[in-house]
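Both ligands and their constituent atoms are indexed starting at 1 by order of listing. Just so we're clear, the structure is a prediction, and the values are computed from it rather than from any experiment.
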Amino acid sequence: MTVDSKASLSDEPKDVEWPKKQRIINCVTQLPYSIQLGEKNDDWKVSPATGNSALYSSLDYLNTYKKCEQYEQHIVGWTGEIKRENETPFKLSNTVTGHTGTEMKNKTDDIDDDPLYLTKSQMEKLTAKLKEKNFSDDDQINQKNVHVHPVWLLRRDQKRWRNYAENVLWPTFHYILKFSTEGGDKENRWWYDYVKFNEAYAMKISEIYQPGDIIWVHDYYLLLLPQLLRMRFNDEHLVIAYFHHSPWPSNEYFRVLPRRKEILDGLVGANRICFQNEGFARHFVSSCKRLLEATAKKSRNSLGIDSYQIGAYGGDVIVDSLPVGVNTEALVRDAFTRNIDEKVLAIKDAYEGKKIIVGRDRLDAVRGVVQKLRAFETFLAMYPEWRDQVVLIQVSSPTANRSSQQSIRLEQQVNELVNSINSQYGSLDFSPVQHYYMRIPKDVYLSLLRVADLCIITSVRDGMNTTALEYVTIKSHNSNYDCYGNPLILSEFSGSSTVLKDAMIINPWDSVAVAKSIKKALQLTSNEKKVLEDMLRAEVPTIQDWTDKFLSSLKRLTDYTLPSSKKITPALNRPILLENYKQAKRRLFLFDYDGTLTPIVQDPAAAIPSARLIGILQKLAADPKNQIWIISGRDQKFLSKWLGGKFPQIGLSAEHGCFVKDVNCENWVNLTEKYDMSWQKKVGEIMESFTNRTPGSFIERKKVALTWHYRCTVPELGEFHAKQLKEELSAFASGSDLEVMEGKANLEVRPKFVNKGEIVKRLIWHKHGTPQDMLATKREELERDQMPDFTLCLGDDFTDEDMFTQMNAIEEVWNKKYPDEKNRWGNFGFYPCTVGSASKSTVAKAHLTDPQQVLDTLGLLVGNVSLFQSAGTVDLDSRGHVINSESSLKSEQASADYAMKRQTSNSALKRESSSSSMKRELSNSSFKREISNTFLQRESSYDSK
Ligand SMILES: O=P(O)(O)OC[C@H]1O[C@H](O[C@H]2O[C@H](CO)[C@@H](O)[C@H](O)[C@H]2O)[C@H](O)[C@@H](O)[C@@H]1O
Ligand SMILES: [Mg+2]
């Protein structure tokens, strides 16, 4: 079935009945404000943030009077970098030490070193102020219903929270491979901050979450948040939706990310993951299939939505697309004012007789400004008749890290191209390219869109280019001064090209083709332009529609009760595991071996323990509170050679429970001793006949079990013969005490009565730390405090489900038997956890993605691995330190000292001579006058997305 995602979500479902008010928790990277702290402690200066115009207008829309009847929106977002205006303590010390004005300025500007220690009351005052603020000059907004929840992360170097997202994720999502040359250490630090950033959101949400809420997460700063929320709230009706505003690259690019699995795992905690277009959704699904081994199908699901459904850790995650829109009403209202009419006429006057081409882009590696200039140069070279007849007004706004090497190089490249075009094709009184490297105010931006005879967008990659949508909107029927219907040239690599299908779509890398399109566009007749424009206008999604459609399809999710078998198994909450581990006195570890402690490899003999695993086991085994068991399908020989020999203190169970060796003991007990083994001959013969027919297959003969391996065969043939062999073996085994089991590229036959679950039962119902009598049967007369208070059980395979089932059964019994003897998390410290493929259905309570995560988890317990290696429930203070940790207490103390210092400084400052402050006043006001006269420099700028 083909999916038309636009169609699938476009109809407001008739059966949606909203409760009186549906609460929406909207999680954005940064609150829609830019925040500064003035000279006084509570003198907050709050202005609208720039960028993200589509997202912020969606937030505004949900706060309108009309929508407030339906929704109660809670906005959760980071404050962004808070700056101090004219930092007082520095000034004072400069005055005291007699530093010059320039030195003082440099010091004051060094905002990254400002620790910004704020007191609780300052934070409360800012929160109140944010709630009061209404920036959207839209009288439709119901201010009383604005709920803002700032995420405070006030550490020194506030840019740290951006590093991983901006320097690793953003480039990869835009097909730029850019990794550190410092051996990954820098990325690791960035990653830990990224994990904390997401954890700070999870913590903030946990303060406001109520069952029935819809949590809506936006974009790539918060990729771990859905899974974090899934771990935190044990609520199977929890509805989490994620919208990805950026592109999602092909798996060939995505898979280069060292943290690729953590990122995908973070996202599949959501019930719905939505992209700007079908192509991005398809890439994402392909990444999940390949990297998480998730299953995926594309169909119309029971909710009536055409989408992909990823089977991930027991649940279905819906993946679809819905292109974001713009606030067309507000745009038209803002763009057709007397002020802008005047500007339009002024610009027309300045370029009288010439066609005006407009471009407005952020100057970064993907917006294609260089490609645009090259194409324009080619156009002037190919069509001399157009020289002197056309001007390109290109506004390039600087990126946040304008001083980076890359930005400087790009700026130079653009300047060189502009100079080259102007010197070749310009004259003393006219330059064909007018390049402005600056942020421009909104009214200037709107007047440029209005005046343009043509707009060119040549991005080499972007999610949704809102300039394209805004340009089309403004070329509306309202346009006067002959501006109606002028065409748009749009890159096929821009997400908007999948929406604005009737734009003149070009490949920005093909300068000649773009040049030809420019000529064609400039020569269109009024009638042709009108026809094109009418088609394009109908294609612009509005932000109102986007928001409504997104939420109404989610509402259907909240109404849909998931059968418990479809419940998503969350990732293992490792910080809680660590806490429980630290507090426990009787710890039991039950580990499967292949695919859990070691990765699966081609040759079974090669799957030997890594040095890292040995090191971790050594540490775990050295702690007398720990009892460790390896419960494997492997035979005694293998386990003794690679594990038993090194660690006599580790218990071993071989061949899925047929043989057992107790901790601190050398002897094995054979639990199948009395069992008739004559079946082995016949099973061996059947397997051999298949081995002869299947090149690459072989039989592993253990003491009891026989395993037929087909991993090294031609996959299709191996799978085909495995199916046939299974049928033959099952026919032989029927009515006997034998079991035919499917493993990972293997088939195994062994007696039914032993399994890993039986071993686990014996080990848990046992007086911790005492020798085992494996042949004894009566086990359930123990006191709770004789048995483990922490049991971590890890396994990757179908046979390991027996262990998890047994743990769940014991938990049920204990719930009845020892209801008052639970730990502070309200349980018995049981952690049954599956490892590997997302497609597996499991009865485990948590998952880990692979053996590497297993080692990271065990490493965390023995102190080898950072708590922030992977995300989990960690309570952080307002600076991003773990609450009550040494660093948290230290920074709290520093905060108090700082507040005191500020207070003293402020009083001293008041005594400063009035003449110096008057001088400052004077120079400030003359400076302001100067700016206000500059056409393009306004205080409030309208930045590109
Ligand atoms: O219970 P386990 O410890 O997970 O052991 C299960 C089986 O593991 C081995 O086979 C599997 O791992 C091999 C090495 O990675 C791989 O080549 C093979 O395809 C897998 O099936 C082992 O050889 C079997 O005896 C175990 O039953
Ligand atoms: Mg295994």
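- Taking the six-membered ring wherever Trp is involved, the centroid distance between the rings of W248 and F254 falls below 6.0 Å.
- Listed by chain and number, D592 OD2, D594 O, D796 OD1 are the protein N/O/S atoms closer than 2.8 Å to the Mg ion (ligand 2), with waters left out.
- Of the protein's non-hydrogen atoms, the one nearest atom 12 (O) of ligand 1 is D594 OD1, 3.5 Å.
- In terms of protein heavy-atom proximity, atom 11 (C) of ligand 1 is closest to I600 CD1, 4.2 Å.
- Close approach of ligand 1 to Q602 (heavy-atom distance below 4.0 Å) involves ligand atoms 17 (O).
- Against a heavy-atom cut-off of under 4.0 Å, S632 is close to the following atoms of ligand 1: 1 (O), 2 (P), 3 (O), 5 (O).
- No N or O atom of T799 sits closer than 3.5 Å to an N or O atom of ligand 1.
- A ring-centre distance under 6.0 Å is not found for W642 and Y593.
- The closest approach between a heavy atom of D797 and any atom of ligand 1 is not below 4.0 Å.
- Taking OH of Y710 as the start and CG of L725 as the end, the distance is 9.5 Å to the nearest 0.5 Å.
- Between the side chain of K582 and the backbone N or O of L861 there is no donor-acceptor pair closer than 3.5 Å.
- Salt bridge R574/D856: absent, no basic N to carboxylate O contact under 4.0 Å.
- Classified by interplanar angle (parallel below 30°, tilted 30° to 60°, perpendicular above 60°), the ring pair F828/F830 is tilted.
- Proximity to R711 (heavy-atom distance under 4.0 Å) selects the following atoms of ligand 1: 16 (C), 17 (O), 18 (C), 19 (O).
- Ligand-side atoms of ligand 1 in range of Y593: 3 (O), range being under 4.0 angstrom from any heavy atom.
- Note on ring orientation: taking the six-membered ring where Trp is involved, the planes of Y831 and F790 are tilted (angle from 30° to 60°).
- Geometrically, K297 does not engage Y308 in a cation-pi contact, judged by NZ or CZ lying under 6.0 Å from the ring centre and within 45° of the ring axis.
- The shell of residues lying under 4.0 angstrom from ligand 1, judged by heavy atoms, excludes E655.
- Shortest contact from atom 21 (O) of ligand 1 to any protein heavy atom: K744 O, 2.5 Å.
- Contact atoms of ligand 1 toward E700: 22 (C), 23 (O), 24 (C), 25 (O) (distance under 4.0 Å to a heavy atom of the residue).
- Where the criterion is an N or O separation shorter than 3.5 Å, residue side chain and backbone included, D592 meets it with respect to ligand 1.
- Residue contacts with ligand 1, taken as heavy atom pairs separated by less than 4.0 Å, involve A607 solely via side-chain atoms from C-beta onward.
- The protein atom (non-hydrogen) at minimum distance from atom 10 (O) of ligand 1 is H709 CE1, 3.5 Å.
- Classified by interplanar angle (parallel below 30°, tilted 30° to 60°, perpendicular above 60°), the ring pair F690/H721 is perpendicular.
- Between V601 and ligand 1, at least one N/O pair is under 3.5 Å apart.
- A salt bridge links K702 with E748: the closest approach of a Lys/Arg side-chain nitrogen to an acidic carboxylate oxygen falls below 4.0 angstrom.
- Aromatic ring pairs are classed by plane angle as parallel below 30°, tilted from 30° to 60° and perpendicular above 60°; the pair W668 and F659 is perpendicular.
- Using a 4.0 Å cut-off between charged side-chain N and carboxylate O, R634 and D594 make a salt bridge.
- E666 and K661 are not joined by a salt bridge, as no carboxylate oxygen comes within less than 4.0 angstrom of a charged side-chain nitrogen.
- In terms of polar-atom proximity, defined here as any N/O pair under 3.5 Å, N746 does make such a contact with ligand 1.
- Rounding to the nearest 0.5 Å gives a distance of 5.0 Å between OG1 of T707 and CD of E700.
- Below 30°, between 30° and 60°, or above 60°: for H709 and F698 the angle between ring planes is below 30°, a parallel geometry.
- Considering backbone and side-chain N/O atoms, T707 never comes within less than 3.5 Å of an N/O atom of ligand 1.
- Below 3.5 Å of separation, one finds no N or O of I631 facing any N or O of ligand 1.
- For atom 26 (C) of ligand 1, the nearest non-hydrogen atom of the protein is K702 NZ, 3.7 Å.
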